[in-house]
There are 2 protein chains.
Amino acid sequence: MNQSKKDLLDTLAGVARALGHGNRLELIERLAQSEAPVEALADTTDLSVANASQHLQQLRRAGLVTARRQGRQVIYGLTDERVVQLVGLLGDIAETNLAEAERLVSRLFSEEDADGALEPVSRETLRAGLERGEVTLLDTRPEDEYRAGHLPGAINAPLDQLDQILDQLPRDREIVAYCRGPYCALSHEVVQRLTELGFRVRRFEEGFPEWKAAGLPVQA
Amino acid sequence: MNQSKKDLLDTLAGVARALGHGNRLELIERLAQSEAPVEALADTTDLSVANASQHLQQLRRAGLVTARRQGRQVIYGLTDERVVQLVGLLGDIAETNLAEAERLVSRLFSEEDADGALEPVSRETLRAGLERGEVTLLDTRPEDEYRAGHLPGAINAPLDQLDQILDQLPRDREIVAYCRGPYCALSHEVVQRLTELGFRVRRFEEGFPEWKAAGLPVQA
DNA sequence: GATATATTCAAGCAATCAATTGAATATTGA
DNA sequence: TCAATATTCAATTGATTGCTTGAATATATC
């Protein structure tokens, strides 16, 4: 076995190992929404700042995230949209191949997605619906993530501000809600609430990062 | 942070960790060619049987490979074509983001791909060329891997048997050689040799596993 | 310059992982 | 049933990883 090749595989293995910790995957998931300084990341992931910093540096060494200094903060971001695809593919494989993962996914959504819920909307369906102007689109993520970028025409509608925008929502058109990705629960909660209120609302089966990674247009 | 979600991410992290060792990536690369019993895998990857067995079990626990007993042997195989895609994507990201990986890839091919070599052929170009019958296709992998599956119409042409099939090769048509994937050196060697002999020969930029994973036809 | 803030570094401990060795298990064929 | 073969298990060793704590560094503001 060729030594160069062994080195190469070891390097790839190092990148894989960088993905091999729940906290780092969580950081990546957060970074897929928008870049952010360490403290904000530590905050949303419930890690100590020091710990978040160390995980971020591992991701950086693996070439998965970049860091740039801005004033006294260090802003981290994903190096590449493909990192989102990579984690997504990892999730797909885990979901179909691991009974345990499947069980976890179903538990994660079991209450929200119970009988009443409609089929989620695929990327292609959503794209077509938007193009024809048939769909009202809701971004259910927190406001700062919305401001960092969202799908064209989406209305920011986090659960706790839902009441204030109810009068903007049509009762005669289909509404689609999205959030951070297939494992994110935010849009589920909004769909559930709006369904109770009698709206025709479905969930986008992916999320903002996947949309962006697919090269589809986003709006700042 | 939701506990179910944390569990889910930890499960995904476990799958990533299973990819986090050079020996296991090598095993996967080998398995992408064809399924095989432990001893054969240990052999081509230069691991002890016990060590290979342990790595394979980790891959199995992660849901990346399957095992089935056949007589006194246990045959391992990839659970899913997407595992090939996953490793490919890992390689792509590593290659573009990590200076070191880039250096390793270029060293791996530096001698073979020196100035004289032509551009490698893309999947789409190859597909089109085959469809129009314009291309003679060589599978440069060892005979057992060829027998386990190859691209339609490919001639098995490992380097050490090249002399015996020279008279089957056209001098007036384009020849394309492929092997195990973008990091595999076998086709490079064959291309170099045939180029020296005056054939018009180029390399397929991917390999058998990627072709198969893309859902294109293969021949047993 | 001095001080405050954001991030990183360094040390230390517990936990996990990789590789080796020799024994144990399961299957086949005599 | 017994021996042979293929694979896995168990125990050990050395190395690596994750997290915490407190100190160190770099930048901005006074």
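Quick note on labels: first sequence line is chain A, next is B, and so on, each numbered from 1. Worth saying up front: this structure is predicted, and the values here are computed from it rather than measured.
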Let me know the distance between [atom1] of [X] and [atom2] of [N], rounded to the nearest Å.
X	N	atom1	atom2	result
A:Arg17	C:dC17	CZ	P	12 Å
B:His21	D:dA15	NE2	P	14 Å
B:Asp46	C:dA18	CG	P	19 Å
A:His55	D:dT20	NE2	C1'	12 Å
B:Asn51	C:dG22	CG	P	16 Å
B:Arg68	D:dT7	CZ	C1'	16 Å
A:Leu9	C:dA18	CG	P	15 Å
B:Asp10	C:dT16	CG	C1'	14 Å

From B:Arg141 atom CZ to B:Arg147 atom CZ, the distance as rounded to the nearest 0.5 Å: 11.5 Å
Strand-adjacent residues in residues 73-80 of chain B, judged by heavy atoms under 4.0 Å from DNA chain C: none
Heavy atoms from other residues, nucleotides or ligands near CD of A:Gln58 exceed 12 (cutoff 6.0 Å): yes
Flag if over 12 foreign heavy atoms under 6.0 Å of CZ, B:Arg127: yes
Sugar-phosphate or base contact per nucleotide [nucleotides 24-30 of chain C; S, B, -; heavy atom under 4.0 Å]: ---SSS-
Per-nucleotide protein contact string for nucleotides 9-14 of chain D (B base, S sugar-phosphate only, - none; heavy atom under 4.0 Å): SB----
Check: B:Phe208 and B:Glu145 side chains under 4.5 Å, non-hydrogen atoms: no
Side-chain heavy atoms of A:Leu78 within contact of A:Val84, under 4.5 Å: yes
Verify, without hydrogens or angle tests, whether [X] (side chain) and [Y] (backbone) share a donor-acceptor contact under 3.5 angstrom.
X	Y	value
B:Ser53	B:Val49	no
A:Glu210	A:Gly207	yes
B:Thr45	B:Leu27	no

Reference residue B:Arg24; test side-chain hydrogen bond (donor to acceptor under 3.5 Å, both in side chains); the match among B:His55, B:Gln54, B:Glu29: B:His55
Full working for side chain to side chain contact (heavy atoms under 4.5 Å, CB included) between A:Val121 and A:Tyr178: CA-CA 10 Å; A:Val121 179; A:Tyr178 71 88; over 6 Å; no
B:Ala67 or A:Leu47, whichever maps to the more 5' nucleotide of DNA chain D: B:Ala67
Short side-chain N/O contact to D:dT17 OP1/OP2 from A:Gln58, under 4.0 Å: no
OP1 or OP2 of D:dC19 under 4.0 Å from side-chain N/O of A:Asn23: yes
Worked check of side chain to side chain contact (heavy atoms under 4.5 Å, CB included) between B:Gln219 and B:Leu151: CA-CA 6 Å; B:Gln219 182 179 347; B:Leu151 269 60; over 6 Å; no
